[in-house]
Amino acid sequence: VFNFIGGNSLVYSPDSQSIAYAALDGETWKIIVNHVTAFSYENADILQLAFTPKEQKIAAILETIDGVHLEVDGKAQDTFEKIDHLVLNPGNDQSAYIAEKDDDKHLVLDGNVIVSADNVRQPVFSPEGNSFAFAYRNGSEWFVRKGDEEYGPYDNAAQLTFSPDGKKLAFTVERGEDYFVVVDGNDQTFYDGVGQPIWSPDSKRLAYAARRIHKKFLQAIDTYFVVVDGEEKKVYSAIGESGLTFSSDSQRFAYKAQLK
């Protein structure tokens, strides 16, 4: 029996054979794994718990009087003012997260700061863990880095999406008045707005919603459509972006649309 159990700390291991949670025992926070105390902390709060995907070690974000840090299997990394967006590599248990310190944001990969910038967003591993990508901003310019390759500058970059085979990266960008999807550094068609890129299960096809503004006299009329394999489909008055999906054999594509 404990004084308190962390409300969002309950997690299962990827193989479903272990369960962990954070519990307060008197003034000591403990990480409990399968009803046994794995780690204890006298002067730290447990902010987040996770199992690493491959070796299923405990990863914990802890807050002390000195700041916030990540521990993996009891081994502490550097301390920062804040840590967000922890992701774990499904192939080799690497950790990545966004950290804040001294008014800068840092991208930390396996305990090492690899980028310090004005802003960092969306660290993401490919499905098999063979590649890693993120977006960052210096001044007014956004860049996207995938492995050793860097794309940009852009006015904005977001919605980084690896193909299921991990070989290609698609993301949305803004440059001036143009919005478009970029696939491994190659600009796709410019529009007045684009949505989240969606890959087919076989990684050969790409789809996304797009918007085009038609100016007629003093009016601006918005039209919406889906772009599949670079081809614009039927025009509608609205597209339900969250409903875009490929069939499991990658041959068919479905989405929600609205006519006036």
Exercise. Determine the minimum heavy-atom distance between His85 and Pro123, stating which atoms define it.
Key: O-CG, 3.8 Å

Quiz item: Going through the distances and angles, do Ile239 and Leu244 end up as a side chain to side chain contact (heavy atoms under 4.5 Å, CB included)?
Solution: CA-CA 9 Å; Ile239 295 289; Leu244 276 66; 4.2 Å; yes

Self-check item: Heavy-atom donor-acceptor pair, Ser95 side chain to Leu88 backbone, under 3.5 Å
Solution: no

Quiz prompt | Heavy-atom neighbours of His214 NE2 exceed 12 at 6.0 Å | solution = yes

Quiz item: Is there a side-chain contact between Pro90 and Lys54 (heavy atoms, below 4.5 Å)?
Solution: no

Quiz item: Does Gln122 reach the main-chain N or O of Leu160 with its side chain, forming a donor-acceptor pair under 3.5 Å?
Solution: yes

Exercise. Verify, without hydrogens or angle tests, whether Ser250 (side chain) and Asp202 (backbone) share a donor-acceptor contact under 3.5 angstrom.
Key: yes

Self-check item: Min side-chain heavy-atom separation Tyr41-Glu71 under 4.5 Å
Solution: yes

Self-check item: Interatomic spacing from CD in Glu100 to CG in Asn119 - rounded to 0.5 Å
Solution: 8.5 Å

Quiz prompt | Euclidean distance, Asn130 CG relative to Asn92 CG, rounded to 0.5 Å | solution = 8.5 Å

Quiz item: Which atom names give the shortest non-hydrogen contact between Arg212 and Glu232, and what distance separates them?
Solution: NH2-OE2, 2.9 Å

Quiz prompt | NZ/NE/NH1/NH2 to OD/OE distance under 4.0 Å, Arg145 and Asp148 | solution = no

Exercise. Group every Ile, Leu, Val, Met, Phe, Trp and Tyr by side-chain heavy-atom contacts under 4.5 Å, then state whether Leu47 and Leu49 land in the same group.
Key: no

Quiz item: Phe171 versus Tyr154: any side-chain heavy-atom pair under 4.5 Å?
Solution: yes

Practice problem: Please determine if Arg121 forms a cation-pi arrangement with Trp142, meaning its NZ or CZ atom is less than 6.0 Å from the six-membered ring centre and no more than 45° off the ring axis. | Solution: yes

Quiz prompt | Distance, nearest 0.5 Å, that separates OG of Ser18 from OH of Tyr12 | solution = 10.0 Å

Quiz item: With Val72, which of Asp93, Ile58, Thr52, Asp110 fulfils side-chain contact (heavy atoms from CB on, under 4.5 Å)?
Solution: Thr52

Practice problem: Run the ring-centre check on Phe253 versus Phe246 and record whether the distance is less than 6.0 Å. | Solution: yes

Practice problem: Could you tell me whether the side chains of Gln48 and Tyr97 share a donor-acceptor contact shorter than 3.5 Å? | Solution: no

Practice problem: Indicate the atoms forming the closest heavy-atom contact of Tyr208 with Gln196, along with that distance. | Solution: CB-O, 3.7 Å

Practice problem: Measure from the ring center of Phe225 to the ring center of Tyr191 and say whether it is less than 6.0 Å. | Solution: yes

Quiz prompt | Asn3 to Gly26 - nearest heavy-atom pair and separation | solution = OD1-N, 2.6 Å

Quiz prompt | Beyond-backbone contact of Val227 with Val194, side-chain heavy atoms, under 4.5 angstrom | solution = no

Practice problem: Start with the C-alpha gap between Val108 and Phe80, add the side-chain angles, then the distance that decides, and say whether side chain to side chain contact (heavy atoms under 4.5 Å, CB included) holds. | Solution: CA-CA 11 Å; Val108 183; Phe80 298 92; 3.8 Å; yes

Exercise. Please check if the side chain of Trp199 supplies one atom and the backbone of Lys204 the other of a donor-acceptor pair under 3.5 Å.
Key: no

Quiz prompt | Cationic N near anionic O, under 4.0 Å, Arg211 to Asp192 | solution = no

Quiz item: What about Val68 and Leu86, same hydrophobic cluster or not, with Ile/Leu/Val/Met/Phe/Trp/Tyr joined at side-chain heavy-atom distances under 4.5 Å?
Solution: yes

Quiz prompt | Nearest heavy-atom neighbours spanning Ala22 and Ser9 | solution = N-OG, 3.0 Å

Quiz item: Which value, rounded to the nearest 0.5 Å, describes the distance between Ser131 atom OG and Glu149 atom CD?
Solution: 8.0 Å

Practice problem: Look at atom CG of Asn186 and say whether more than 12 heavy atoms of other residues, nucleotides or ligands are closer to it than 6.0 Å. | Solution: yes

Quiz item: If two hydrophobic side chains count as joined below 4.5 Å and joins carry through other members, does Leu62 share a cluster with Phe39?
Solution: yes

Quiz item: Could you go step by step and tell me if Val183 and Leu206 meet the side chain to side chain contact (heavy atoms under 4.5 Å, CB included) rule?
Solution: CA-CA 9 Å; Val183 181; Leu206 182 70; 3.6 Å; yes

Quiz item: So how far is it from Gln56 CD to Asp73 CG, rounded to the nearest 0.5 Å?
Solution: 12.5 Å

Quiz item: Would a 4.5 Å heavy-atom cut-off, applied to side chains only, mark Pro14 and Phe51 as touching?
Solution: yes

Exercise. Classify the side-chain pair Asn43/Thr64 by whether it contains a donor and acceptor separated by less than 3.5 Å.
Key: no

Self-check item: Chi angles and distances behind the side chain to side chain contact (heavy atoms under 4.5 Å, CB included) call for Lys146, Phe162
Solution: CA-CA 10 Å; Lys146 173 194 170 190; Phe162 273 106; 4.2 Å; yes

Quiz item: Same cluster for Tyr255 and Val228 if Ile/Leu/Val/Met/Phe/Trp/Tyr side chains link at under 4.5 Å?
Solution: yes

Self-check item: Ring geometry between Phe132 and Phe125 (parallel below 30°, tilted from 30 to 60°, perpendicular above 60°)
Solution: tilted

Quiz prompt | Lys82 side chain vs Lys101 backbone, donor-acceptor pair below 3.5 Å | solution = no

Quiz item: Can you tell which of Val124, Val87, Ile114 makes a side-chain contact (heavy atoms from CB on, under 4.5 Å) with Phe134?
Solution: Ile114

Quiz item: Which atom pair, heavy atoms only, marks the closest approach of Tyr136 to Ala117?
Solution: CD1-CB, 3.8 Å

Quiz prompt | Contact check, side chains of Val115 and His106, non-hydrogen atoms, under 4.5 Å | solution = no

Quiz item: Can a salt bridge be assigned to the pair Lys105 and Asp118 using a cut-off of 4.0 Å between side-chain N and carboxylate O?
Solution: no

Quiz item: Under 4.5 Å between any side-chain heavy atoms of Glu231 and Asp229, yes or no?
Solution: no

Quiz item: Does Arg205 offer a backbone N or O that forms a donor-acceptor pair with the side chain of Ser200 under 3.5 Å?
Solution: yes

Practice problem: Taking the side chain as every heavy atom from C-beta outward, state whether Phe180 and Glu174 have any pair of such atoms under 4.5 Å apart. | Solution: no

Quiz prompt | Inter-residue atom distance Thr245.OG1 - Arg252.CZ, 0.5 Å rounding | solution = 11.5 Å

Quiz item: When hydrophobic residues are tied together by side-chain contacts of less than 4.5 Å, even through go-betweens, does Ile98 share a cluster with Val113?
Solution: no

Exercise. Examine distances only and state if a side-chain atom of Glu81 and a backbone atom of Asp102 form a donor-acceptor pair shorter than 3.5 Å.
Key: yes

Quiz item: Can you check whether Gln77's main-chain N or O pairs, donor with acceptor, with Thr79's side chain at less than 3.5 Å?
Solution: no

Quiz item: Should the pair Asp155-Arg175 be classified as a salt bridge under the 4.0 Å nitrogen-to-oxygen rule?
Solution: no

